[in-house]
Amino acid sequence: MVLTPLTDSVAGKAMLRVYDGAQKGATAFFRNRPLLETLMELLEQRQGRPLRILFHAGSIGAEVYSFVVYALRTGLADRCPMEIYTTDLNPQFLRFAEEACYPAEVLNSFSEEERNWFERVEDGVVRPVEAVRRRVWFLPACSFVDAVPPEGEVFDVVFILNALTYVTPDQQAECLQNVARYNTDLLVACAFHPDTIRRDLLANGYVPITTRIAEIHNSWTERIRSGELPPPESPDYSWVIPPFSEVPEFEFRFCSIFQRTDSRQPMPTGA
Ligand SMILES: C[S@@+](CC[C@H](N)C(=O)[O-])C[C@H]1O[C@@H](n2cnc3c(N)ncnc32)[C@H](O)[C@@H]1O
């Protein structure tokens, strides 16, 4: 099956949508710029320590390539050795990500500087330049719920963005317990089950990093609705979010960056 991403503009973002009959892979380049900027600042504070970074649910690659562009343009990728990996449940999305050919319309929502990191492949098709592409390693397809890296492998930063909504609250709890076994520092996550996220994070030693929390939350523009929200029984309950406000537990419900408090050690198996 050939995946042809459809592009449409939602709240000022060029969304790429792929669907292969099983998973929905809606994604976008530079989907949340304040989040990318904040991560660059936080990782800069690691003062050149080598970083291993894993993107779960990476879809067709826009998210991981956006991160690499920011790491290159800020110079972080030169100051700090980085190994960057991506995976997804869907092997077809991963193959697409590796090929990295995107409709040229994606460029319309980029700044001029961001556009410089892309090249034309043929009429109507663009891709990130080689300096960006070669930074990314592709892992076999796997689920973030029960992914098990080879014995002893850990990741300083793990991303699970816009994807926990596709599993049940129980699977979210299982996922975070599992991730904490191989994630040593930052967890970057959103579109999770909001009523249980605080419990799941605290149970596994994660606390929120609230730097620019309101700006980052409000930049998930394609998920924000003013007015009435879907009820808890709706499949959209964990997807749709209201504009930022200091509701109870907002530091967890509306946050996208979390840190392991015992950040030097992965959680032991069976904890
Ligand atoms: C809405 S897209 C989000 C893509 C990207 N993370 C982003 O934020 O732009 C959801 C992605 O999650 C993937 N996915 C769904 N369930 C998954 C699971 N259990 N494990 C890994 N990936 C999953 C889908 O294949 C799809 O690529």
Side-chain angles (χ1 to χ4, degrees), residues 1 3-36 39 53-70 84-100 102 106 109 128 136 138-149 155 157-179 182-183 187-193 200 216-217 219-224 235-241 255-257:
M1 183 187 296
L3 292 175
T4 311
L6 304 169
T7 41
D8 62 279
S9 181
V10 181
K13 272 179 217 174
M15 296 301 298
L16 289 161
R17 296 183 195 280
V18 282
Y19 181 57
D20 75 340
Q23 275 78 42
K24 289 181 190 168
T27 190
F29 283 97
F30 312 117
R31 195 168 182 175
N32 193 318
R33 290 179 176 88
L35 174 64
L36 283 168
L39 287 171
I53 301 171
L54 172 62
F55 288 80
H56 275 304
S59 185
I60 55 171
E63 183 183 332
V64 68
Y65 291 129
S66 301
F67 178 89
V68 174
V69 167
Y70 267 63
I84 302 171
Y85 299 87
T86 189
T87 181
D88 193 278
L89 187 60
N90 188 311
Q92 296 204 78
F93 292 176
L94 276 174
R95 272 199 292 281
F96 190 104
E98 200 162 3
E99 226 164 83
Y102 301 93
V106 295
S109 64
V136 180
F138 295 85
L139 297 178
C142 67
S143 169
F144 46 69
V145 176
D146 54 8
V148 184
F155 294 92
V157 189
V158 173
F159 285 77
I160 313 179
L161 285 174
N162 297 302
L164 283 159
T165 184
Y166 297 109
V167 300
T168 65
D170 284 350
Q171 288 172 318
Q172 169 173 293
E174 185 187 341
C175 167
L176 292 195
Q177 192 183 15
N178 190 37
V179 167
Y182 56 84
N183 176 209
L187 171 66
V188 189
C190 71
F192 34 61
H193 294 280
D200 296 342
I216 293 170
H217 175 87
S219 294
W220 297 119
T221 43
E222 66 283 15
R223 296 183 23 235
I224 298 229
D236 282 341
Y237 183 62
S238 50
W239 182 256
V240 173
I241 46 177
C255 194
S256 301
I257 310 176

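All ligand and atom numbering here is 1-based and tracks the order in the structure.
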Practice item. Pick one of side chain, backbone, both or neither for how R31 approaches ligand 1, counting any non-hydrogen atom pair under 4.0 Å. Key: side chain
Exercise for review: Provide the closest heavy-atom pair for L94 versus T86 in the form atom of the first, atom of the second, distance.
Suggested key: CD2-O, 4.1 Å
**Study point:** Contact atoms of ligand 1, heavy-atom distance to S59 under 4.0 Å
**Key:** 4 (C), 27 (O)
Point to revise | Of the listed options S143, G25, A189, closest to atom 19 (N) of ligand 1 (non-hydrogen atoms) | key: S143
Practice item. Using a strict cut-off of 4.0 Å, indicate which atoms of ligand 1 neighbour a heavy atom of F93. Key: 25 (O), 27 (O)
Review point. Identify the closest protein heavy atom to atom 8 (O) of ligand 1: which residue and atom is it, and at what distance?
Key: N162 ND2, 2.8 Å
Study note, to complete from the structure: atom 15 (C) of ligand 1: of Y166, F159, Y19, the nearest heavy atom sits on Y166
Revision key, fill the gap. When every non-hydrogen atom of S219 is compared with those of K13, the smallest separation belongs to O-NZ, 2.7 Å
**Study point:** Qualifying residues under side chain to side chain contact (heavy atoms under 4.5 Å, CB included), relative to V148, sequence neighbours excluded
**Key:** none
Point to revise | Geometric N/O contact G58 with ligand 1, under 3.5 angstrom | key: no
Practice item. Could you grab the distance from atom NZ of K24 to atom OG1 of T165, nearest 0.5 Å is fine? Key: 9.5 Å
Point to revise | Nearest-neighbour protein heavy atom for atom 21 (C) of ligand 1, which is reported as residue plus atom name and distance | key: F144 CD2, 3.2 Å
Practice item. Without swapping roles, check the side chain of R223 against the backbone of I241 for a donor-acceptor pair under 3.5 Å. Key: no
Check your understanding: Out of D88, L89, I160, whose heavy atom sits nearest atom 25 (O) of ligand 1?
Key -> D88
Check your understanding: Which residue owns the protein heavy atom closest to atom 1 (C) of ligand 1, what's the atom, and how far is it?
Key -> A26 O, 3.2 Å
Study note, to complete from the structure: Closest heavy-atom pair, A28 versus M15, reported as atoms and distance to 0.1 Å, is CB-SD, 3.9 Å
Review point. Which part of C142 is near ligand 1, with near meaning a heavy atom under 4.0 Å away: side chain, backbone, both or neither?
Key: backbone
Practice item. Please work out whether any backbone atom (N, CA, C, O) or any side-chain heavy atom from C-beta onward of F55 is under 4.0 Å from ligand 1, and answer side chain, backbone, both or neither. Key: neither
**Study point:** Shortest protein heavy-atom distance from atom 6 (N) of ligand 1, along with the residue and atom involved
**Key:** E63 OE1, 2.4 Å
Practice item. Mark up the atoms of ligand 1 that fall under 4.0 Å of a heavy atom belonging to Q23, in ascending order. Key: 24 (C), 25 (O)
Point to revise | Check: F144 ring centroid to F55 ring centroid under 6.0 Å | key: no
Revision key, fill the gap. Rounded to the nearest 0.5 angstrom, the CD-OG distance for Q172 and S238 is 8.0 Å
Review point. Which residue supplies the protein heavy atom nearest to atom 4 (C) of ligand 1, what is that atom called, and how far is it?
Key: A57 O, 3.4 Å
**Study point:** Shortest protein contact, atom 26 (C) of ligand 1 (heavy atom only)
**Key:** K24 O, 3.3 Å
Point to revise | ligand 1 atoms in contact with A163 (distance to a heavy atom under 4.0 Å) | key: 12 (O)
Exercise for review: Compute the shortest N/O to N/O distance between T27 and ligand 1 and return yes if it is under 3.5 Å, no if not.
Suggested key: yes
**Study point:** Nearest-0.5 Å distance that lies between atom CZ in R31 and atom CG in L16
**Key:** 10.0 Å
Would you give me the side-chain donor-acceptor pairs under 3.5 Å for residues 58-67, sequence neighbours excluded?
from, atom 1, to, atom 2, distance (Å)
S59, OG, G25, O, 2.9
Y65, OH, A97, O, 2.7
S66, OG, F30, N, 2.9
S66, OG, A62, O, 2.6

Point to revise | Nearest heavy-atom neighbours spanning F159 and V157 | key: CE1-CG1, 3.7 Å
